[in-house]
S.K.: 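Can you keep this structure in mind? I'll have questions shortly.
In what follows, chains are A, B, ... by sequence order, proteins preceding strands, each numbered from 1.
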Amino acid sequence: MADTQTMADTQSITYNAAMGQALVEAMREDDSIFVLGQGVATGGWFGAEKGLADEFGTDRVIDSNISEAFEAGLAAGAAIAGMKPVINMGFGDFALIAGDEIFHKLAKWRYMHGLNVPMTAVIIFPIGTMNGAGPEHSSCTEVLGMHFPGLKVVVPSTAADAKGLMCAALREPNPVLFHSVNTLSFQRGDVPTGSDHFVPIGKACVRRPGSSATLLTYGSMVEPSLQAAGQLAGEGIDLEVIDLRSLVPIDWPLILDSVRRTNRAMVVHEAMKTAGPGAEIAAHIQEQAFFDLESPVLRVAGKDVPLPQHGALEALCIPSVAEIVAAGRQLCLG
Amino acid sequence: MADTQTMADTQSITYNAAMGQALVEAMREDDSIFVLGQGVATGGWFGAEKGLADEFGTDRVIDSNISEAFEAGLAAGAAIAGMKPVINMGFGDFALIAGDEIFHKLAKWRYMHGLNVPMTAVIIFPIGTMNGAGPEHSSCTEVLGMHFPGLKVVVPSTAADAKGLMCAALREPNPVLFHSVNTLSFQRGDVPTGSDHFVPIGKACVRRPGSSATLLTYGSMVEPSLQAAGQLAGEGIDLEVIDLRSLVPIDWPLILDSVRRTNRAMVVHEAMKTAGPGAEIAAHIQEQAFFDLESPVLRVAGKDVPLPQHGALEALCIPSVAEIVAAGRQLCLG
Amino acid sequence: MNDQHPGKNPGGPAPDSDLLKRMYQRMALTRAIEQCMAQHVRNNRFSGWWHPGEGQEAAGIGASAAMRRDDYLFYQGRGCSWAIGKGMAPGPILGDLLGKPSGSTGGKGGGVPHWVDYAIGVMGEGATLGSVYPLAAGAALAAKQRGTDQVALANFGDGTAARGTFHETLVHAAAWKLPLIYFCENNEWLVGTPLKQVSPTENIADYAAGYHIPGVVVDGQDAQAVYTATAEAIERARAGEGPTLIEAKVFRKHGHYAGDPQHYRAPDYLDAYRDPLALLAARLDEDEASALWAQAEAEVASAYQAAMAEDDPAPDTIFKDLYYG
Amino acid sequence: MNDQHPGKNPGGPAPDSDLLKRMYQRMALTRAIEQCMAQHVRNNRFSGWWHPGEGQEAAGIGASAAMRRDDYLFYQGRGCSWAIGKGMAPGPILGDLLGKPSGSTGGKGGGVPHWVDYAIGVMGEGATLGSVYPLAAGAALAAKQRGTDQVALANFGDGTAARGTFHETLVHAAAWKLPLIYFCENNEWLVGTPLKQVSPTENIADYAAGYHIPGVVVDGQDAQAVYTATAEAIERARAGEGPTLIEAKVFRKHGHYAGDPQHYRAPDYLDAYRDPLALLAARLDEDEASALWAQAEAEVASAYQAAMAEDDPAPDTIFKDLYYG
Ligand SMILES: Cc1ncc(C[n+]2csc(CCOP(=O)(O)OP(=O)(O)O)c2C)c(N)n1
Ligand SMILES: Cc1ncc(C[n+]2csc(CCOP(=O)(O)OP(=O)(O)O)c2C)c(N)n1
Ligand SMILES: [Mg+2]
Ligand SMILES: [Mg+2]
């Protein structure tokens with residue numbers, strides 16, 4: 001899972017620490033960045049902001065009360081007043097608590113006021129299951145940012161990308177929904193040091209080149225997809241695995257090039273299937289490359305049910321390596 | 001646009017009055033139904049509840065303050081306590097204000113408590129443009145109900161269906177998101193009298209039989225689609241126009257039967273294109289009927305931009321008859 | 001304090017007569033736009049809704065007169081007193097209302113106004129009511145973090161005080177002593193629903209007690225009284241003492257939107273109306289007041305003509321300003 | 001009122017000794033489940049989070065003792081005092097916590113509890129905190145519309161009082177005099193953030209004034225005091241006089257979740273702790289109290305063993321209960 005760029009100077013740190021590092025380095029360079037959210041000063045629920053308050057003080061690393069709508073709305077107001085807020089929303093599910101503030105305000109403020117001005121704001125949504133966090137704390141809500149225009153949407157799958165996309169988001173003149181993946185929080189990876197490790201927003205990346213079919217995935221499903229590709233390789237099926245990294249903008253050129261080469265495609269994500277991100281991806285691919293396709297674009301995705309709190313039941317709701325393998329076979333042989 | 005059933009006894013009334021009639025008749029029969037929302041007792045913003053308070057009093061027809069989250073949450077609480085609340089949320093856009101209450105609470109309460117009990121609640125979301133209501137009062141948000149499971153989702157396109165689907169929703173043991181279409185509010189149609197005019201939730205309807213291609217649509221786009229089909233008929237293209245009426249559950253058998261017969265499909269809706277309802281419909285059709293398709297499933301949908309308040313600019317953002325005609329040609333000839 | 005009247009000189013810093021004149025001039029501009037729009041909506045196809053603010057001009061004008069150019073304003077969409085008060089000219093406002101390129105939003109705005117001018121702190125509107133409370137807090141926090149002494153003001157109606165964001169924002173603004181002014185225009189109506197039917201309190205200012213911040217009720221028909229109350233609150237905020245909740249008792253002279261038949265209102269409701277312009281004019285030289293009024297009418301008439309003469313915005317406007325660049 | 005102590009007999013209807021015994025018995029059951037869960041979470045893989053309620057038992061037990069079987073309860077997810085207090089047995093509660101079919105949710109519940117029993121008014125939990133305020137109001141409205149004299153109670157923490165739904169619901173409940181009790185357990189913490197850092201008021205009950213409803217502060221370690229305050233509020237509600245906001249000052253003995261290292265808390269924080277069981281036991285016959293405790297421990301131990309012996313729920317459970325039928 002090597003990144004494309006050369007990594008002269010790297011460090012093995014966790015995914016969350018990598019996000020934190022990007023924040024620290026950017027905050028040292030830019031006074032207008034501040035961090036706010038529930039518990040961010042007291043360590044951060046997921047450790048991403050650990051140590052931030054020690055270095056920057058509680059004026060720039062601010063615990064809020066339990067008020068997600070306030071937190072997101074505050075981000076919009078601070079951003080139009082020229083600050084660069086970074087808000088940890090706690091859980092992706094809470095996008096539905098702050099929907100007006102995120103999708104009507106942050107996303108549309110400039111458009112509806114006819115303003116072409118920069119507006120930096122990073123909204124962190126930790127997403128996905130984490131062994132029984134239950135139906136209101138486990139959702140993958142990134143599709144909301146795809147449907148409602150005006151925001152950029154990223155989902156890093158490695159520690160290096162967690163840092164690189166955060167570095168990019170903090171310099172991006174548009175609000176970014178930054179989805180961090182709960183199950184990856186403590187996963188280590190080689191992460192470039194320095195504040196100039198940018199993973200450009202809107203660029204996907206080929207994690208495994210292949211020729212039989214294109215597997216499009218991101219976030220928590222990159223690793224299982226690579227495992228499935230490994231298994232299928234033994235059966236003579238050579239999957240190309242693409243990590244989308246950004247959902248808005250989405251890297252259609254890279255995706256369509258690959259599909260036109262392999263003539264087959266599948267999408268794998270943890271988010272629920274119906275009207276999820278894969279629906280758009282499948283619909284778009286068949287629209288654009290129908291006559292290149294030898295079989296339908298398949299989707300392997302979360303079951304269309306709320307996530308039970310029971311760890312074992314929860315596991316049944318999200319794609320397994322076996323399901324990805326089965327879909328890969330169906331795609332190439334069926 | 002004749003309904004399939006025989007209409008022994010009908011009356012020409014508006015779409016909104018038809019909804020209102022269904023409510024009145026049901027409220028006479030069932031004490032547990034009440035109506036709540038901003039301005040519902042003072043006539044209703046869109047006239048659907050006109051006269052309700054006169055007949056049933058302000059104990060059952062209740063004006064609320066400006067508190068969409070409260071209104072939707074109250075519906076969930078009243079429903080689990082055995083009442084049948086009907087909430088007018090004012091605008092589909094406000095789904096994002098009450099997202100937690102609708103998609104986490106109303107939709108999941110029974111599931112996450114392991115309860116197999118009836119729960120009736122009708123959430124009315126008037127949707128769509130209406131000549132310059134602006135970016136926060138014109139959105140078609142029905143895709144939210146498709147992605148988050150646990151609710152039924154309907155969008156009537158005629159006065160008769162407005163009544164028939166409301167009759168069904170008021171007897172449905174699951175919460176229903178009832179999307180009424182702003183531009184149709186005052187459109188008249190022949191509406192069956194009596195409280196037993198049920199349009200079953202989950203059943204689509206063929207508005208125009210045809211053989212060249214299947215056009216799937218609903219709500220505000222049924223009429224323009226029929227107009228486009230009329231134009232295309234002159235060019236030898238014979239579209240089958242299906243009014244989905246329900247998006248959850250969606251009538252896959254009818255849809256797939258038609259597509260397997262015509263071998264071509266397109267989806268038309270006012271909601272924004274990216275990750276909108278058409279994404280799921282196109283993705284699903286190609287998954288299920290790929291080898292029956294002679295060309296890609298096309299989507300004609302709202303532009304991926306917030307809706308400007310300017311009436312003329314707004315009109316550019318939603319599908320026109322000309323765009324539907326062009327897509328129909330591309331689908332069948334291109 | 002609801003019994004304040006022209007004769008009674010409110011406490012606090014005494015407004016000088018230049019200030020009274022400036023306020024009158026801006027109220028006149030606002031009123032002239034009201035009259036212009038009333039006629040325009042009657043005679044033309046109009047997109048969106050125009051929410052007439054006639055009768056409520058004193059609140060926005062009085063309060064914004066106490067604001068500095070660099071203070072942040074978030075207004076609600078009735079009338080246009082706040083934008084005028086903060087220093088916008090009639091041209092860009094009418095441009096938006098008529099959907100013309102000369103509008104401050106390039107014609108994307110309209111009936112539910114989204115006019116804007118960052119240079120003078122007119123930050124815009126959220127048409128989902130109550131959505132700007134936290135935005136105003138964000139701007140206030142920005143000022144605090146930068147160490148400027150700017151304040152932010154969130155204007156809202158009595159109905160909008162029921163939104164959850166009202167509470168979430170006050171909890172934080174009060175705890176953190178943000179330089180934030182809550183300014184309620186209580187006209188006792190939310191569309192066709194009387195406030196008293198859906199509110200446990202007649203005075204929105206009563207909520208202030210729970211947050212341990214000052215709650216002030218002021219005669220909203222009296223621009224001078226409004227000015228004084230707001231100036232005090234702003235002083236407190238600049239001094240780091242945190243938010244104030246000001247409630248101006250105002251009078252909605254017309255329907256909720258232009259064209260509203262108002263079946264829900266008693267036919268004699270106008271008996272209680274006091275014209276805020278007349279009230280202020282009584283404190284000015286009569287000739288001066290008429291001259292200011294004539295000037296305002298002329299200015300608005302010519303801005304209206306200029307806007308009407310413009311073409312509609314170019315179709316590609318719909319793709320502009322979504323992303324920066 | 002924070003200085004109430006065992007010796008001081010609170011006002012209102014005097015609880016008889018049967019009531020004291022019943023409350024003690026339920027506090028003992030709750031405490032025994034706490035101890036059982038503490039050990040279970042230490043020794044086993046556990047899905048979700050267990051939020052220990054040890055030390056806070058008196059609030060839920062005291063308040064629910066004042067509720068009728070058919071009153072509606074909406075609780076928040078710390079400990080299990082409310083469910084026990086309302087009459088649930090340890091079996092279905094532990095079943096949910098361990099994810100077994102015998103749980104009241106059939107094993108779908110867990111660390112953030114979603115246990116339920118409509119027959120005795122245990123209506124469930126919203127794990128997005130503050131989401132149940134309007135649900136409780138909906139149940140209260142249902143009672144009012146049917147003309148029964150049931151009440152609904154919404155339990156919440158001090159942090160959760162900041163949610164917008166707190167305000168939106170109180171606005172309506174107070175305006176409409178709904179039979180709704182707001183019951184806050186103020187333990188002065190939200191996870192690792194001290195309330196005082198993010199709240200303008202030390203007493204959540206202070207918010208009541210703005211809504212013109214009674215706000216009552218009560219010693220939450222004293223079940224008897226809590227009972228009395230709640231009984232009064234319920235009486236008011238049943239009489240059609242509307243909501244009351246009760247704030248119980250409680251003490252969070254452990255971390256936010258089981259396993260929380262609590263770096264954020266002073267090492268001597270337990271000095272201020274008063275055990276609510278000891279406090280109530282002092283008012284009972286000593287032997288009787290020990291007998292009740294022993295019985296509770298045994299009951300919980302056997303419920304735990306029974307639940308542990310069960311198989312996991314069937315895989316198709318994930319498709320059940322989404323739609324009715
Ligand atoms: C969140 C939200 N809910 C409902 C509306 C619809 N709406 C527009 S104006 C209005 C009444 C506002 O009342 P108030 O705040 O008192 O202001 P006023 O109209 O009296 O100036 C309502 C309910 C809206 N725009 N936003
Ligand atoms: C809407 C929402 N925001 C945040 C959380 C995460 N969260 C879980 S418990 C908790 C603290 C709750 O504090 P309080 O209400 O005082 O209850 P306590 O934990 O002290 O019992 C938080 C923030 C949540 N579950 N829901
Ligand atoms: Mg009002
Ligand atoms: Mg607490």
S.K.: Is B:Ser32 close to chain D through its backbone or its side chain, or both, or neither, when contacts mean heavy atoms under 4.5 Å?
M.R.: neither
S.K.: Can you find a heavy atom in the side chain of B:Trp109 that is under 4.5 Å from one in the side chain of D:Asp321?
M.R.: no
S.K.: Please determine if D:Lys108 forms a cation-pi arrangement with B:Tyr111, meaning its NZ or CZ atom is less than 6.0 Å from the six-membered ring centre and no more than 45° off the ring axis.
M.R.: yes
S.K.: Determine the option with the most heavy-atom pairs under 4.5 angstrom with chain B, choosing from D:Gly126, D:Gly106, D:Gly121.
M.R.: D:Gly126
S.K.: Are B:Met112 and D:Thr105 packed together at the side-chain level, in the sense that at least one heavy-atom pair is separated by less than 4.5 angstrom?
M.R.: no
S.K.: State the CG-CD1 distance between D:Leu135 and B:Ile80, to the nearest 0.5 angstrom.
M.R.: 5.5 Å
S.K.: Could you tell me which residues in residues 159-178 of chain D have at least one non-hydrogen atom under 4.5 Å from a non-hydrogen atom of chain B, sorted by residue number?
M.R.: D:Arg163, D:Thr165, D:Glu168, D:Thr169, D:Val171, D:His172, D:Trp176
S.K.: Please enumerate all residues that pass side chain to side chain contact (heavy atoms under 4.5 Å, CB included) together with D:Asp311, with sequence neighbours excluded.
M.R.: none
S.K.: What parts of residues 140-151 of chain B touch chain D if we use heavy atoms and a cut-off under 4.5 Å?
M.R.: B:Pro149, B:Gly150, B:Leu151
S.K.: Go through the atoms of D:Leu141 and report whether side chain, backbone, both or neither lie under 4.5 Å from a heavy atom of chain B.
M.R.: side chain
S.K.: Could you tell me which portion of D:Ala139 (side chain, backbone, both or neither) has an atom closer than 4.5 angstrom to a non-hydrogen atom of chain B?
M.R.: both
S.K.: Look at B:Val117, B:Asp59, B:Leu36 and state which one has the largest set of heavy-atom pairs under 4.5 Å with chain D.
M.R.: B:Val117
S.K.: So which heavy atom on D:Gly325 is nearest to which on B:Asn116, and how close?
M.R.: N-OD1, 3.3 Å
S.K.: Could you give me the CA-CA distance, side-chain angles and deciding distance for B:Lys152 and D:Tyr323, then say whether side chain to side chain contact (heavy atoms under 4.5 Å, CB included) is met?
M.R.: CA-CA 9 Å; B:Lys152 305 225 165 165; D:Tyr323 291 98; 3.9 Å; yes
S.K.: Taking C-beta and beyond as the side chain, do B:Leu115 and D:Val116 meet within less than 4.5 Å on heavy atoms?
M.R.: yes
S.K.: So which pairs with a foot in residues 77-105 of chain D pass ring-ring contact (aromatic ring centres under 6.0 Å, His included), sequence neighbours left out?
M.R.: D:Trp82-D:Phe183
S.K.: Over all heavy atoms of both residues, which pair between B:Ala81 and D:Ala142 is shortest? Give the atoms and the distance, please.
M.R.: CB-CB, 3.7 Å
S.K.: Report which part of B:Lys108 has an atom under 4.5 Å of a heavy atom belonging to chain D: side chain, backbone, both, or neither.
M.R.: neither
S.K.: Considering only heavy atoms and a distance below 4.5 Å, find which of D:Tyr118, D:Tyr133, D:Trp115, D:Tyr72 pairs most often with chain B.
M.R.: D:Tyr118
S.K.: Using the side chain to side chain contact (heavy atoms under 4.5 Å, CB included) rule, take D:Thr128 and B:Asp100 through it: C-alpha gap first, then chi angles, then the decisive distance, then the call.
M.R.: CA-CA 8 Å; D:Thr128 45; B:Asp100 183 38; 2.9 Å; yes
S.K.: Looking at D:Ala152, D:Ala127, D:Ser131, which has the largest count of heavy-atom pairs under 4.5 Å with chain B?
M.R.: D:Ser131
S.K.: Could you have a look at D:Gly124, D:Ala143, D:Gly103, D:Pro134 and say which one has the most heavy-atom pairs with chain B under 4.5 angstrom?
M.R.: D:Pro134
S.K.: So which residue, B:Met83, B:Arg110, B:His113, ends up with the most heavy-atom pairs under 4.5 Å with chain D?
M.R.: B:His113
